[in-house]
**Q** 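I am attaching a structure below and will ask some questions about it afterwards.
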Amino acid sequence: MDLSHMNAGVLVASLMVASVPILLAALGELVVEKSGVLNLGVEGMMIVGAVTGFIAAFHSGSAVLGFVGGAAGGAALSMIFALLTQFLMANQVATGLALTLFGQGLASLLGQSYVGQKPPLTGKLPFGPLADLPFVGPVLFGHDWVVYFSVLAVGAISWFLTRSRGGLVLRAVGENHDAAHSLGYKVRLVRVAAIGFGGAMAGLGGAYLSLVRVPQWTEGMTAGAGWIALAIVVFASWRPWRVLMGAWLFGGISVLQLNMQAAGSAIPVQYLSMSPYLITILVLVIMSSGRSRASLGAPASLGQNFHAAR
Amino acid sequence: MERRTILKGGAALGLAAGLAPRTLLAADPVKVGFMLVGPKNDTGWSQHHYDAAMKAKEKLGDGVELMVQESVAEGADAERVMSQMALGGAKLIFATSFGYMDSVQNVAAKFPKVMFEHATGYKTAPNASAYNARFYEGRAVCGYIAGKMTKTNKIGYIGSFPIPEVVQGINSSFVNARKANPKVEIAVVMISTWFDPAKEADATKALLDQGCDVVLAHTDSTAPLAALKAAGKFGFGQSSDMAEFAPAPRLSSIIDNWAPYYEERIKAVIDGTWKSQNVWYGIKEGMVGIGEISDAVPADVKAEAEKIRDGIAGGTVHAFQGPLNKQDGSVWLKDGELPDDGTLAGMNFFVEGITTKMPS
Amino acid sequence: MFRLEKRPTPSTFWIYATPFLAVALTMVAGGILFAILGKDPVAAIKLIFFDPLFSADYASYARPQLLVKAGPLILIAIGLSLGFRAGIWNIGAEGQYVIGALCGAAAGLAFFPTDSRWVFPLMVAAGALGGFLWAMIPAILRTKFNTNEILVSLLLVYVAKQLIASAALNFLRNPDGAGFPGSRNLAQIPAMANPELIPGTGLHWGGVAAILAVGVAYVMLQRHILGYQIKLAGQAPRAARFAGVNSDRLIVLCMGFSGALAGMAGFFEVSGPAGQITIDFGAGYGFTAIIVAFLGRLNPIGIFFAGLLMALTYIGGELAQLVLGLPAAAIQAFQGMLLFFLLAVDLLANYRIRFILPGAR
């Protein structure tokens, strides 16, 4: 195999772009799960975000408004989940899966007249000569704004969860909703807000696919990215910076295996195709072995519905 | 074993008695079923079959009524969908994916009065035809253009799975690119799916990162062309013309042109002249179309490519013609020899000069 | 204003009435959706819920198909429900299903050609074992290394799909198949086929296994100590520990059981309705079964009916596409709605709704 063509800077830059959709969606799901809610409907919210984002961008001619539309679409769909699980006490796992089914159907219906259309472009930010620097050029100065936004979002969410009062309340609700309720926190309100945020982030991730990565609207275009996002949250033990690490690890191996194929690697292609999944599992095994379950960070009330007795 | 056979026989009897399709009145329009493996607007394979069906209907007018089923999984679902089409009065059913092959055979045996057309397989029955397109002929033209257009002497190929159709395409592209440019090499990436726009874009970028500057895609979306456009490199339309990417990055295209065949076969059913057949049509019959070669291609190259296209149509030029060796150096075709259709249809080896290994 | 009051025990009336209420609500909402799409709502609803069961043209074929489609869903969901009750999250039944099909088919084809009557039972066992072992990976990683089983079981689905694609292309490829991918057709090999057992019912060995599994799971949950431990572990994990429930053992048992059932379902599918190992084998049964398990309220009898209802919407949905030209996406959205309503009205079984006059507090 000839790997001399592999340029580390280009490789890292590609993996940063490739992992944006799962990173955004996983960050949203992280916040949802931190509040004690398990929403398995990420795939459905992503694809709805992809189509509403595309529609908004297409009609407004502005890619930025497209992203707003994507976030709004994802958030709107997530409100069905919020209504069912927070007010009608429906089972979260089943509702999340139903949300994915519904979202995929809805997205296809919404997008029927947009197949084959082109969205407005999202360009790279102009960093001038900085972008031509070796390695750091493509890695640090060669992206569109959403890539920077996604990394900033990691920092912001990390700060929110650990340093802010709102984050404290959110975590309290996720750890023990009965105790949080008796302290006077509005458990439902916090969770509905978290679910909406998760939907918006998944929608952004979907919009990144239809507006930047592909860029086009096609049915089924998320192709399972929402499921990977769910896995990344667990991989990260519910910590924002580890979500970034997980998304880059997964995206990185996916990009690397394609590059190895292109470079004529002697490793059979079926093993290369499996490698992102297997290596993600392996790394998680290494990280989680020897630790107790409590230190792994799963919110204690995850997946349980809350009903105030009084 | 005996018991099973008896049960099976009983089942067949039960079906024959219970499942007589409703009888048609002469004035009723002829119902034609189309079973698609993906959504009807996937911009690729399934959309092409669907559009062709619509075109055929348009031509034939009100005498034809379509029954369309999208996203049908191979296996039990396919069998059920075709049975329900037959029960719903379909006279002719098109099953447009290779994986439907055995299901078509099963359902055709149950409904001897309904006619079936299966795409890209090889099994036939008295009431079931097989039809396929020689996509590799189109790859020959595109491969030649790619060989002329590459400046890095490296072209890329995105495939789904190493099945014969894809292997034919890779070999044909490479052999004809070498004719244009003896120094050319080919890099192959298999993405294990026919449709995943993000992955197709990633694969395109990986090929570009490895020094390819012309990429042929054998997957369904336009994502590769979008990625090529952003990088200022070249590619080809696949399945449909993808003319919105012309003149660059789209240099030309391989068009799956099913509509004339569909029209012909539906008409044969209406006229009562339908007969089971097994056809493998190419550029000559028009099932494989070569999209307009864009102005980004120099005039002399364009003329050469058109000569190849017309030569293939006329039978004077062939995508594969000896001397050609297999990857391991053994002789495949002697000087001037042409491959037989059996070898081509089941092609599971790369030709000499391709460095990617065939998975085994 | 209204507020919810939890019932001390679920209402028997509403437990049986809610599914019908949900279907009725879905008919209304779905009808509106179909009307928006410009299709006759009454015709569409009739095609989905009524025609597969009663129409003269379709029912004789569609009714048995109900069992064919529901069989694997029920079989997988029964296995999953035990783990879900105990708080063990096997999300990767799809992978176990695929591996079961692969192992079962491979075990039989290794003896090809044969007409031994022992081959079929051997293949069933190999399918179950394959699914079991594939489920053991997340189970053992969870018990030995504390690795989250949701992630491992889910990611292994993708690995399983790669394995089956490569089997269809390489070592299981039909040598008489002219180089095309896909294994020999098991349904055409008498010793390995899983045919319809009673003509006109759609019942094959997979359906028999599903019905057996419903019975066994029901008895176990009602009578057996393991059933008690499973329920306890799910409702009160701490109490379960005090009661001497070995949680590692429970994880291995629940994962293994659900894996084995999913593997068997995969084998019954590949040897009967599907016929052969293909690149794309696996049509999402493992994921749909999760929904079926919860729709059935994790109760074996409930799962049986939930499986049949899901199958009905698939088959009826196909009819609506064929006859009315509804897009597949509309059927998907419709199924989503049905699930929403089923999940939502469950509320009535577990809660009482109290209306409170404003200011009466």
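Chain letters run A, B, ... following the sequence lines, proteins first, then strands; residues in each count from 1. Computed from a predicted model, the values in this text were never measured in an experiment.
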**Q** With chain C, which of K40(B), M85(B), Q84(B), R80(B) has the greatest number of heavy-atom pairs at distances under 4.5 Å?
**A** R80(B)

**Q** Looking at A165(C), G177(C), A62(C), which has the largest count of heavy-atom pairs under 4.5 Å with chain B?
**A** G177(C)

**Q** Using every non-hydrogen atom in the two residues, find where A187(C) and A193(C) come nearest and quote the distance to one decimal.
**A** O-CB, 3.5 Å

**Q** Quick check for you: to the nearest 0.5 Å, what is the distance between L67(C) atom CG and L308(C) atom CG?
**A** 7.0 Å

**Q** For A101(C) and G266(C), work out which heavy atoms get closest and say how close.
**A** CB-O, 3.4 Å

**Q** I need the contact set between residues 64-77 of chain B and chain C: heavy-atom distance under 4.5 Å, sorted by residue number.
**A** M67(B), V68(B), Q69(B), E70(B), A73(B), E74(B), G75(B), A76(B), D77(B)

**Q** Contact part of F34(B) toward chain C, heavy-atom cut-off under 4.5 Å: side chain, backbone, both or neither?
**A** neither

**Q** Would you name the heavy atoms of A191(C) and S116(C) that are closest together and state the gap between them?
**A** CB-O, 3.9 Å

**Q** Strictly by modelled atom types, are H118(B) and Q105(B) linked by a side-chain donor-acceptor pair under 3.5 Å?
**A** no

**Q** Of all heavy-atom pairs between M35(B) and T96(B), which one has the smallest distance, and what is that distance?
**A** O-OG1, 2.8 Å

**Q** Can you say whether L169(C) sits under 4.5 Å from chain B via the side chain, the backbone, both, or neither, judging by heavy atoms?
**A** side chain

**Q** Apply the test side chain to side chain contact (heavy atoms under 4.5 Å, CB included) to residues W194(B) and V166(B): give CA-CA distance (whole Å), side-chain angles for both, the deciding distance (0.1 Å), then the verdict.
**A** CA-CA 11 Å; W194(B) 288 100; V166(B) 175; 3.9 Å; yes

**Q** With respect to chain B, which residue among V323(C), N185(C), V68(C) yields the maximal number of heavy-atom pairs within a distance under 4.5 Å?
**A** N185(C)

**Q** Would you mind checking which part of S160(B) comes under 4.5 Å of any heavy atom in chain C, side chain (CB onward), backbone (N, CA, C, O), both or neither?
**A** neither

**Q** For Y262(B) and Y131(B), take the angle between the two ring planes, folded into 0 to 90°, and tell me which bin it lands in: parallel under 30, tilted 30 to 60, perpendicular over 60.
**A** perpendicular

**Q** If you take the centroid of each ring, where Trp contributes its six-membered ring, are Y97(C) and F281(C) closer together than 6.0 Å?
**A** yes

**Q** Taking the ring of F116(B) and the ring of F111(B), is the distance between their centroids below 6.0 Å?
**A** no

**Q** Is it the side chain or the backbone of I315(C) that comes within 4.5 Å of chain B heavy atoms, both, or neither?
**A** both

**Q** Would you please classify the geometry between the H49(B) ring and the W45(B) ring as parallel, tilted or perpendicular, with 30° and 60° separating the classes?
**A** perpendicular

**Q** Taking side chain as everything from C-beta outward and backbone as N, CA, C, O, which of these in P52(C) sits under 4.5 Å from a heavy atom of chain B? Side chain, backbone, both or neither.
**A** neither

**Q** For chain C, which residues from residues 340-349 of chain B lie under 4.5 Å away (heavy-atom distances)?
**A** A345(B), G346(B), N348(B)

**Q** Side chain from CB out, backbone as N, CA, C, O: work out which of these in L322(C) comes under 4.5 Å of a heavy atom of chain B, or both, or neither.
**A** both

**Q** At a heavy-atom distance under 4.5 Å, which candidate from I279(C), D280(C), I331(C) has the highest pair count against chain B?
**A** I279(C)

**Q** Please indicate whether K123(B) has more than 12 foreign heavy atoms, meaning atoms of other residues, nucleotides or ligands, lying under 6.0 Å from its NZ.
**A** yes

**Q** Measure centre to centre between the rings of F267(C) and F120(C), then say whether the value is under 6.0 Å.
**A** yes

**Q** Under the salt bridge (charged side-chain N to carboxylate O under 4.0 Å, His left out) test, which residues partner D51(C), sequence neighbours left out?
**A** K46(C)

**Q** My understanding is that only residues two or more places apart in sequence, or in another chain, count here; which of them pass side chain to side chain donor-acceptor pair (under 3.5 Å) with S330(B)?
**A** D328(B)

**Q** Could you tell me which of G325(C), P181(C), A274(C) has the largest number of non-hydrogen atom pairs under 4.5 Å with chain B?
**A** P181(C)

**Q** Sort out for me which of E269(C), K161(C), R173(C) touches chain B most, counting heavy-atom pairs under 4.5 Å.
**A** R173(C)

